[in-house]
Each structure stands twice: as structure tokens, then as C-alpha cells.
Amino acid sequence: MPELPEVETIRSCLEAHQGARIVKVEVKRADIIRRADFELRDLIGLSIKGVGRRGKYLDLVLSGRGHLILHMGMSGRVYQVEEPGQIEAPHVHLIIYLSNQAVIVYQDARRFGGVWLVKDTRDFFSHLGVEPLARAFNTDYLEKALKGRKIAIKTLLLDQRLISGIGNIYADEALFRSGILPDRPSGSLSRREVEVLVRAIKKVLRQGIEQRGTTFRDFRDGYNQMGGFQDHLKVYGRFREPCPTCGQPLERVRLGGRSTHYCAHCQH
DNA sequence: CGCTAGTCCTGTCTGC
DNA sequence: TGCAGACAGGACTAGC
């Protein structure tokens, strides 16, 4: 679920807790901890030095070189509450109590997400590709990555080893805005098309962040509030609705196992 | 390399 | 109303 704009939205919400100390940690389900370089109780007393994001991972940087890393999978939420008594919602797996009285809640119904206690993030993030909003993600980079590849361009955009942060919604939206069909063999894109696509990816991700993410179903921001970008989606979730550009009914197919939305008239 | 299918899970919606 | 089946924003693996 949460793609780059959603995780970034949560990240900026949690930034308010920079400097706060962890006073207590409750784990409701031990198996959501996917890796622990140190003990959970070692978190007590550490302060939050910063809140980062890498791809779709949220990175709580702790004093003493530790990181508490969260991934939301499909249905995960991370948000803060003022009153601990209000955390009765189902599927709460981790609760972090801070010295500033805030309580951070991690919940994930489907448990596709996870939590990692990591000492050094360099190796942890080493499998991830370029940040799509970074300068390093440009026409040259994508053109090189596409060269000779036959894989469908949408499937390639979802490969986190090449570009980290794009998910199903923003892939469909970026391709629509670029006028490129999702199943085009990656290597068949012209330099001009690659350029247009890179710009569209950056633009749609930035708009998603501005709108505080897309709440298609589960997503909530760091205050457990819905995002706003769902009102700006042009194709995702709009099967059979008229294309916002040409009015023809939008199509939906399955591509690489993922639901894929596009306009057969506007995208080539 | 590229592609499909399966896996991890629960919730929600649709059609009968 | 009940129930079965499809489907869901992610990521990994096995197999061909």
C-alpha cells in the first residue's frame, strides 16, 4: 500500500518527535520483528535523532547508532496518538512511548510489512535502487536501465532494485501522464519517451506528497488521517470510467500479477 | 533474462 | 442474510 509519497507523509509527521526519548516499547506480536541486531529493551532511553525514508522504508534514526526501520507492506499504518487508552484498534503490533508523551503505533492487518532493528543501514538498504526524486534519477539513468530490456515498462518501474519507492498506483499514474502503455517492452522507449516518463514520475510523486498521500483504502498519515491524492488519480481504480483526456472508457488488465489501469487511446 | 505462479495475511466487496 | 470467491497499494522465491 504505502508507496513513496505515503511513507514520506508519515515521515514528515513523525519528525515532530525528533529529540524525544523512547521510554517504553510494547510488542504485541513478536513475529513482526524481522531482524534484530540488538535487543528490543536496548531501545529504552535512546532518543530519536531523525526520521528518514529510503524507498518505502521508514527509518527512525536513534542515538547510539541504532535504527528502527518500519515497512508498511500493503496495509500497515504508523501514527501517533496522545492518549494510550485509544489504542484498542485490532492488529496493533508495536507501540512506542516517547518522553514527550506521544505514543507511536504500528499496526498492519495483513502483516506483509515488518520491523527491523538495524545497527548499520548501509547493508540493509544496499539492495535498493535510486531514489526517484533524487537528481541521480534522470533520463540517462533510466535509459541505461532500460537498454536491451524486454520486460514491460511498468514491471520495471516496480523493481525496487532499480528505482525505490514507486508502487502500483504511481506507476499507472506516471505512465498515463507520459502517454506510454504499461506493457511496452522497456527497451522500446525512445530517449524522448524516457525523458517524459522521468518527469512524470517525479511530478506525480511530488503531487502525491503535497496531497499527503493516496488513501485508496487503508492508508492513513502520521496522525491517522486520510490522504488526498485519491481525488487526483486519473486512471488508478477507474476501470470503465471515461478517460479524463479523451473520454474513452479506461482499461484494466493484469500485468506481472498487478492490476494495471490505462487508456488504450491516449497511451501508445 | 523474463515471466508466471505461489507465498506471506486479513478485510472488504460482489455476485449468487 | 449467508456464503464463496475475487481482489487489495508489497516483496520475495521457485520453476520453467
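Note that these values count all heavy atoms, side chains included, but never hydrogens, waters or copies made by symmetry. In the text below, chain A, chain B and the rest are named by the order of the sequence lines, each starting its count at 1.
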Take atom [atom1] in [N] and the same atom in [M], then report the distance between them in whole Å.
{"N": "C/dT1", "M": "B/dT10", "atom1": "P", "answer": "26 Å"}
{"N": "C/dC7", "M": "B/dT4", "atom1": "P", "answer": "16 Å"}
{"N": "B/dG6", "M": "C/dA6", "atom1": "P", "answer": "12 Å"}

Does a side chain donor of either A/Y79 or A/Q225 reach within less than 3.5 Å of an acceptor in the other side chain?
->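 Side chains of A/Y79 and A/Q225: no pair found under 3.5 Å.
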
State whether a side-chain donor-acceptor pair under 3.5 Å links A/H17 with A/N100.
->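 The answer is yes; a qualifying pair exists.
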
Just jot down the ring-ring contact (aromatic ring centres under 6.0 Å, His included) partners of A/F216, sequence neighbours excluded, or say none.
->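 ring-ring contact (aromatic ring centres under 6.0 Å, His included) check on A/F216 returns A/Y236.
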
DNA chain B in dot-bracket, Watson-Crick or G-U pairs under 3.5 Å, [ ] crossing, | other strand?
-> .|||||||.|||||||

Please produce a list of atom pairs where a protein N or O lies less than 3.5 Å from an N or O of nucleotides 11-15 of chain C.
from	atom 1	to	atom 2	distance (Å)
C/dA11	OP1	A/H71	NE2	3.0
C/dA11	OP2	A/K56	NZ	2.7

Kindly compute the distance separating SG (A/C13) from CD (A/E8), expressed to the nearest 0.5 Å.
->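 Reported to 0.5 Å precision, the distance equals 10.0 Å.
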
Reported CZ-to-SG distance for the pair A/R238 and A/C243, which is rounded to 0.5 angstrom =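 Spacing of CZ (A/R238) from SG (A/C243) equals 11.0 Å.
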
How would you list, by chain and number, every residue that makes a side chain to side chain contact (heavy atoms under 4.5 Å, CB included) with [X], sequence neighbours excluded?
{"X": "A/E15", "answer": "A/R11, A/Q18, A/V51"}
{"X": "A/Q248", "answer": "A/C246, A/H265"}
{"X": "A/E251", "answer": "A/Y262, A/A264"}
{"X": "A/T9", "answer": "A/R212, A/F219, A/D221"}

Which of residues 221-234 of chain A sit near DNA chain B, with a heavy atom under 4.0 Å from it?
->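 Hits under 4.0 Å, by residue number: none.
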
Output every pair passing salt bridge (Lys or Arg N to Asp or Glu O under 4.0 Å) with a member in residues 54-66 of chain A, not counting sequence neighbours, ordered by first then second residue.
->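 As it turns out, the salt bridge (Lys or Arg N to Asp or Glu O under 4.0 Å) pairs with a partner in residues 54-66 of chain A, which skip direct neighbours, are A/R54-A/E131.
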
All pairs passing side-chain hydrogen bond (donor to acceptor under 3.5 Å, both in side chains) where residues 33-42 of chain A contributes a residue, at least two apart =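 Residue pairs with at least one partner in residues 33-42 of chain A: A/R35-A/D37.
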
Below 4.5 Å, heavy atoms only, C-beta onward: do A/Y57 and A/T121 meet side chain to side chain?
->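 Sidechains of A/T121 and A/Y57: no contact.
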
Co-membership, hydrophobic cluster, residues A/L162 and A/L157, 4.5 Å side-chain =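 Yes, because A/L162 and A/L157 connect within a single hydrophobic cluster, where side-chain heavy atoms sit under 4.5 Å apart.
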
Is atom CZ of A/R184 surrounded by more than 12 heavy atoms (other residues, nucleotides or ligands) closer than 6.0 Å?
->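 More than 12 heavy atoms, drawn from other residues, nucleotides or ligands, come within 6.0 Å of this atom.
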
What string of B, S and - do you get for nucleotides 5-12 of chain B, 5' to 3', when a contact is any protein heavy atom under 4.0 Å?
-> ---BBBS-

Could you list, one pair per line, each protein nitrogen or oxygen that sits under 3.5 Å from a nitrogen or oxygen of nucleotides 14-16 of chain B, together with the distance?
none

